[in-house]
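Everything below concerns the one structure shown next.
This one's a predicted model, so the numbers in the text were calculated from it and none came from an experiment.
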Amino acid sequence: MNISVVGLGVEGQKATISLLKHGYNVYSSDINREINLSLLEEEDLIDSDNLELEIGSHNLDKILKSDAVSVSPSLFKKKITGDIIEKGIFLSDVLNKHKNITTIAVTGTNGKTTTSHMIYHVLKNEGYRVALGGNGGGGFLGYTDLVLEANSGDYDYLVIEVCDMTLAYCSYVFNIDVVVTTNIGYDHMDVHGSIDDYTHEIAMFVRNKPAILNSRDDNLMKITASSSDALLFDVYKYPLNLFGRFNRQNASAAQVCCEYLGVDRESIKKSLESFKAVEGRTIQFNYNTNKIVSGKTDNINALKAVLSEEKFPILIIGTPRENEIYRYQILDYINDYEADTLIIFPGLEDTTYNYAQYLNELGYTNDVLILKHLDDIIRYINSQRNTSIFIGGNGQERITEITNTLKKGIINN
């Protein structure tokens, strides 16, 4: 079977890798001559005998003669996708067994990954065959990998973490039976344009579907009528071994969803009490005499949710990419928060100078340090005693690296 992949961003490369590993012949193309192919390079698949790469152009004749075509979500609304769908060769229309599996979509600005994993954890403990994937991974490499697995496996449920930038794409690719929306916040505003536009997109995503919605989110409360059955969640009231009130909201979303699916409350309570934090998401642990809270908080709503829990004298914050100016909003909040010391490290990119300049323009007067290397960050933390330290911001891989290094130090000690 010959399958084409149109677009080689992150999701397109993941699709290419998945298709090759499932034994398909793949033609993958991207019009960007400077496209970064690091994911394919890491998998050592650039020179695969079953892969034909075309960079700088698309061979439309080859694409439209394929048995099936996978399109990157960012290109879903482009004309080429319409042509592919009209010809009947869009991948999820050719391989469509997954559309008969009960599907839960989890979306929103923050809390998607944890909530998805919680639902998966409860359903697995009930003995169901469950596939978890999409934007949050969960064992599968993106949306296409989940589609391929669901079509080759035997599952009772699909749990999909849906990035808020892929709502239209996922609405088409999957037959979604219930939507969980955690919240609507200020992230990816370069794509959505405004909170009102983002809210409208969510309204369209839940339209005529049962929806589990956050009762404390004013924007979500505006769209309850769009859902065929709006069920509200609040704050989880039972034992939970996770940091923060925001995780109690995630647990409440999982509880309401699983009850909707027919799981009894006592079983849900038992499963969620045993649930452990997903790697890279917010956790709390003791290190030497310090309390460490760590987790990706790459938008103002996520950061506010953590920092409102308690006072952290020391903040260690990763930086965004150079063009992600909207993410600088977290510095506005940090300016008002007034930690004793703010440490900036390269998160997604080394934009530490930009961050420092922005803070200067805000008139930030507390101590600011720029530490670019892991060893320097660990050395600084080791110098502190009897304090609370938060590690977050942008750059999940770097945050996880710092966290795992600290946790390894606990074990070694």
Side-chain angles (χ1 to χ4, degrees), residues 11 73-78 103-116 119 134-136 143 159-235 245-254 256-257 260 296-306 308 320 323-330 332-333 394:
E11 188 65 28
S74 61
L75 301 176
F76 182 71
K77 296 182 179 180
K78 301 293 185 182
T103 299
I104 303 104
V106 182
T107 193
T109 301
N110 301 309
K112 297 185 296 293
T113 300
T114 297
T115 303
S116 299
I119 295 168
N135 185 61
Y143 298 120
V159 180
I160 312 167
E161 180 182 337
V162 176
C163 173
D164 56 283
M165 296 185 291
T166 64
L167 297 171
Y169 172 88
C170 287
S171 289
Y172 186 86
V173 170
F174 301 99
N175 277 354
I176 298 168
D177 295 283
V178 58
V179 177
V180 180
T181 307
T182 56
N183 44 59
I184 292 178
Y186 287 88
D187 198 10
H188 302 137
M189 286 298 110
D190 55 331
V191 174
H192 299 303
S194 69
I195 282 291
D196 288 342
D197 289 343
Y198 180 14
T199 301
H200 176 71
E201 290 168 26
I202 293 291
M204 296 302 295
F205 190 62
V206 306
R207 188 177 183 183
N208 298 328
K209 297 182 182 70
I212 317 297
L213 304 173
N214 188 341
S215 65
R216 299 193 175 215
D217 190 298
D218 292 340
N219 289 306
L220 287 177
M221 290 304 92
K222 296 174 184 176
I223 66 168
T224 54
S226 297
S227 166
S228 62
D229 186 9
L231 304 171
L232 306 183
F233 68 88
D234 196 338
V235 177
R245 188 178 182 85
F246 54 91
N247 272 322
R248 291 199 163 273
Q249 290 192 343
N250 295 335
S252 180
V256 173
C257 178
Y260 177 81
K296 185 187 78 165
T297 46
D298 56 3
N299 61 78
I300 190 169
N301 298 89
L303 186 73
K304 194 180 294 185
V306 176
S308 63
N323 64 328
E324 294 176 333
I325 303 300
Y326 62 94
R327 295 196 189 275
Y328 284 43
Q329 283 183 326
I330 70 173
D332 296 325
Y333 183 75
N394 290 264

Between [X] (side chain only) and [Y] (backbone N and O only), is there a donor and an acceptor less than 3.5 Å apart?
{"X": "Asn214", "Y": "Asn183", "answer": "no"}
{"X": "Thr166", "Y": "Pro73", "answer": "no"}
{"X": "Thr115", "Y": "Lys112", "answer": "no"}
{"X": "Ser252", "Y": "Arg248", "answer": "no"}

For [X] versus [Y], what's the shortest heavy-atom pair and its separation?
{"X": "Ala305", "Y": "Phe246", "value": "O-CD2, 3.7 Å"}
{"X": "Ala211", "Y": "Ser227", "value": "N-OG, 3.3 Å"}
{"X": "Leu232", "Y": "Ser215", "value": "CB-CB, 4.0 Å"}
{"X": "Ile176", "Y": "Cys170", "value": "CD1-O, 3.9 Å"}
{"X": "Ala105", "Y": "Val162", "value": "CB-CG2, 3.9 Å"}
{"X": "Tyr198", "Y": "Asp164", "value": "OH-CB, 3.3 Å"}

Item checked: Over 12 foreign heavy atoms within 6.0 Å of CZ, Arg207 ->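 At most 12 heavy atoms, drawn from other residues, nucleotides or ligands, come within 6.0 Å of this atom.
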
Checklist line | Heavy-atom neighbours of Asn323 CG exceed 12 at 6.0 Å | finding: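 Yes, enclosed.
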
Next item on the list: Kindly determine whether Leu220 and Ile202 satisfy side chain to side chain contact (heavy atoms under 4.5 Å, CB included), including the steps that lead there.
Entry: CA-CA 8 Å; Leu220 287 177; Ile202 293 291; 4.0 Å; yes

Checklist line | For Tyr143, the option from Tyr169, Tyr172, Phe76 that meets ring-ring contact (aromatic ring centres under 6.0 Å, His included) | finding: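 Among Tyr169, Tyr172, Phe76, the one meeting ring-ring contact (aromatic ring centres under 6.0 Å, His included) with Tyr143 is Tyr169.
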
Gap separating the [atom1] atom of [X] from the [atom2] atom of [Y], nearest 0.5 angstrom:
{"X": "Asn299", "Y": "Asn394", "atom1": "CG", "atom2": "CG", "result": "8.5 Å"}
{"X": "Met204", "Y": "Ile223", "atom1": "CE", "atom2": "CD1", "result": "11.0 Å"}
{"X": "Asp298", "Y": "Asn110", "atom1": "CG", "atom2": "CG", "result": "7.0 Å"}
{"X": "Thr182", "Y": "Glu161", "atom1": "OG1", "atom2": "CD", "result": "9.0 Å"}
{"X": "Asp234", "Y": "Gln249", "atom1": "CG", "atom2": "CD", "result": "7.0 Å"}
{"X": "Tyr260", "Y": "Ile119", "atom1": "OH", "atom2": "CD1", "result": "13.0 Å"}

Notebook entry, point to check: Residues in side chain to side chain donor-acceptor pair (under 3.5 Å) with Asn219, at least two apart?
Noted result: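 Counting only residues at least two positions away or on another chain, Asn219 forms a side chain to side chain donor-acceptor pair (under 3.5 Å) with Lys222.
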
Check: side chain to side chain contact (heavy atoms under 4.5 Å, CB included) between Leu303 and Gln329: does it pass, once the steps are laid out?
Finding: CA-CA 10 Å; Leu303 186 73; Gln329 283 183 326; over 6 Å; no

Note to self: Would you say that Thr103 contacts Ile160 through its side chain, given a criterion of any heavy-atom pair below 4.5 Å between the two side chains?
What the structure shows: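 Sidechains of Ile160 and Thr103: in contact.
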
